[in-house]
Amino acid sequence: MEADAQINLRGLFHTEKGFIVRIYPIFNFLSSMKTGIFLMLIICISSFLGTVIVQNHPQGYYEGRFGRIGYKLISLLSINDIYHSFWFIFLLFLFSQNLLLCTALRIKRKVIPIPSILLHLSLILIAAGGLVGLMFGEEGLVKLKKGERANIFYDRYNKPRSLDFNIILQDFTRETYKNFKSRLKITLLEKNITWDFVLNGKREFKLEGTPYKILILKETPDFSKDASIPIEVREIKALKGPALKLAIIEPFGKRDIRWLFSNNPYLDINIKADENILTYYKREPDIRDLISSIRIFSKEDSTEGLVKVNAPLKFMGYSFYQYDYDPIAYQWTILKIVKDPSVPFIYAGFLLFTLGLGFHLYPRFYSKGRKDVYRAS
Amino acid sequence: MSTGLLNGTMGFYLASSILYGIHWAFKKDFIQKIAFSILSLGFAIETLSIIERWREAQRPPFSNIYESLVFFSWAVVFVYLIFKAIFKIDFLDFFVSISALLILNYSSFFDKSVEPLIPALRSNWLIFHVVVSFLGYAAFTLSFITSLLYFFKAKSKNPKRDPILLSLDEISYQSVVFGFPFLSLGILSGAIWAEQAWGSYWAWDPKETWSLITWFIYAAYLHLRFVMGWREARAAFISIIGFLSVIFTYLGVTYFLPGLHSYA
């Protein structure tokens with residue numbers, strides 16, 4: 001098959017001598033399906049590595065887990081940011097070149113059906129779109145308090161980037177469902193791990209991987225109206241509203257009993273406090289949607305509208321997405337700002353891919369396969 | 001009510017599996033017919049339970065691990081019924097019945113409470129994305145079952161041109177041919193949805209990355225088969241690797257690799 005490819009490659013470029021002949025080995029390597037499978041394998045292994053080694057964490061995290069030498073190695077090979085590393089992008093580039101050459105050779109040899117050509121070209125288009133996005137796209141975050149204005153955002157390396165327009169957060173609201181839920185977060189400061197629980201009537205929670213256990217003793221809808229609490233404590237304004245009494249069972253059976261307050265989620269009243277444990281309690285309705293009402297204006301143009309989850313706002317080639325929010329007082333929002341010229345390429349690639357895949361595989365399923373199975377049986 | 005219907009479904013799948021076992025032992029055709037009727041009845045009740053859950057929750061029942069496992073077991077039987085209708089096969093009935101039962105049984109360990117949709121899941125893409133993804137997963141489950149059977153049968157038979165082994169190989173291949181476009185559509189629809197929700201069609205989130213790894217494995221399976229003629233044992237081996245990747249994409253990522261898809 002390799003020799004066959006070489007002959008066709010000669011035919012493809014109509015030359016016997018010179019530069020093209022000298023780089024035949026590279027062409028042969030890149031146009032081989034075996035190379036394609038090998039590249040897929042390497043991309044799979046690299047991608048796997050990127051999911052098991054946490055990406056884009058601070059230096060201290062990697063040094064803590066892998067030691068100084070381990071961190072240096074990780075940093076040198078960009079394993080802490082694999083998907084944006086030069087070598088990973090180069091692998092994707094090689095793979096797209098392999099697809100391109102494989103397809104071109106087979107078109108020349110007239111051994112490839114049109115759906116398969118569509119399929120391979122669509123992948124090249126998607127890869128090219130990805131490259132365009134990487135080179136010319138902009139992406140970052142902007143944090144805005146109600147009434148605040150900004151004309152810069154911070155990119156993924158936390159560097160400020162200026163915008164040709166201003167954004168003002170006019171309002172930030174949330175839509176909620178009718179049902180309420182009690183959420184409890186426990187942070188073990190010495191290990192820097194947080195456990196997030198939804199109470200749902202459950203009385204006992206384990207902090208997995210530690211000897212700690214949480215017992216829910218009582219949840220009251222309004223602390224100030226709970227007759228079991230001394231009146232002088234109940235009258236403290238900051239303690240009004242839903243409250244939770246819990247016991248943190250520590251190693252050797254030591255108990256840390258705390259009252260937590262939904263209106264001041266990080267506040268606690270406790271006896272024998274363990275300063276190693278931070279608690280957060282909030283009773284609130286489930287969130288249905290998050291809505292930032294913004295106004296954007298430049299010298300030439302202006303617009304205003306709502307940014308919701310799953311419903312971005314578009315202005316001057318930029319899209320604004322609801323990214324994060326103030327979970328306690330709902331006073332600020334974080335918007336993601338994206339300018340991605342690759343989206344039309346990507347969508348065109350998706351469309352071609354779907355058509356190619358449908359026309360390429362389903363005839364095999366319905367006709368050939370059916371006959372073969374009958375024959376085999 | 002949906003939970004009651006699901007308990008009924010489990011009962012039917014269990015009864016069907018037992019009857020298929022008896023059919024294996026005694027080779028009576030009527031037992032097989034009864035077993036298949038019970039399997040079909042179980043499937044119908046499971047369909048009803050999914051519709052009922054949808055009505056109760058007033059949203060598509062695909063928003064947590066419990067609901068997705070129920071849908072997965074439904075999809076396995078659904079895809080098999082399509083295969084059975086097209087290829088007129090019956091030797092997988094028992095395995096499909098027991099697989100659906102095991103998946104449903106596994107789902108019973110998870111929180112069944114009906115929760116409203118979180119903002120990120122409130123999208124028209126939810127139904128399409130989940131349905132096509134699970135149809136793909138279900139087809140790969142069939143491919144996995146037939147590939148395992150291939151290795152069991154290949155031990156006791158001469159693998160050269162044995163009709164049963166060829167048939168197993170062909171069904172395994174057809175399952176991948178059926179499932180691959182669905183997996184691809186699942187990834188593409190997820191990318192379009194992610195672009196609308198998070199402003200990036202590909203963020204290298206663990207779920208995305210693992211679905212790409214799975215896609216590469218099955219793409220390699222198809223290419224090696226089409227171009228280099230890899231069939232039978234070698235193809236079955238890749239199919240098994242592919243399914244392990246499917247399971248890790250679906251369950252492993254949820255438990256071990258937190259990311260944007262941490263809800264399911």
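Lettering follows sequence order; numbering is per chain, from 1.
Only the side chain of B/Y201 comes within less than 4.5 Å of a heavy atom of chain A; its backbone N, CA, C and O stay farther away. Residue contact with chain B, scored on non-hydrogen atoms closer than 4.5 Å, is absent for A/K308. Using a 4.5 Å cut-off between heavy atoms, B/E115 touches chain A through its side chain atoms alone. Contacts between A/I287 and chain B at a heavy-atom distance below 4.5 Å involve backbone atoms as well as side-chain atoms. Only the side chain of A/D286 comes within less than 4.5 Å of a heavy atom of chain B; its backbone N, CA, C and O stay farther away. Proximity to chain B (any heavy atom under 4.5 Å) is shown, for A/F38, by neither the backbone nor the side chain. Contacts between A/I43 and chain B at a heavy-atom distance below 4.5 Å involve the side chain alone, from C-beta outward. In this structure, the portion of B/S113 lying under 4.5 Å from any heavy atom of chain A is its side chain and not its backbone. Looking at A/Y323, there are no atoms closer than 4.5 Å to chain B (heavy atoms on both sides), in backbone or side chain.
Remark: A/R183 is not positioned above the aromatic ring of A/F197, lacking an NZ or CZ atom under 6.0 angstrom from the ring centre and at most 45 degrees off the axis. Cation-pi geometry between B/K84 and B/F36 is met: the NZ or CZ atom falls under 6.0 Å from the ring centre, inside 45° of the normal.
The aromatic rings of B/F248 and B/W210 lie tilted to each other, with the angle between the two planes from 30° to 60°.
The CD1 atom of A/I53 sits 9.0 Å away from the CZ atom of A/F48 when rounded to the nearest 0.5 Å.
Heavy-atom minimum distance, B/D169 versus B/E232: OD1-N, 2.9 Å. Considering all non-hydrogen atoms of both residues, B/L142 and B/Y80 come closest at CD1-CA, 3.9 Å.
Considering only heavy-atom pairs separated by less than 4.5 Å from chain A, the leading option among B/P181, B/S245, B/A220 is B/P181.
Legend: residues meeting side-chain hydrogen bond (donor to acceptor under 3.5 Å, both in side chains) with B/S133, ordered by chain and number and at least two apart, are absent.
Listed by sequence position, A/L123, A/G129, A/G130 are the residues of residues 122-132 of chain A in contact with chain B, using a 4.5 angstrom heavy-atom cutoff.
Between A/D81 and A/R156 there is a salt bridge, since at least one side-chain N of the basic residue sits less than 4.0 Å from a carboxylate O of the acidic one.
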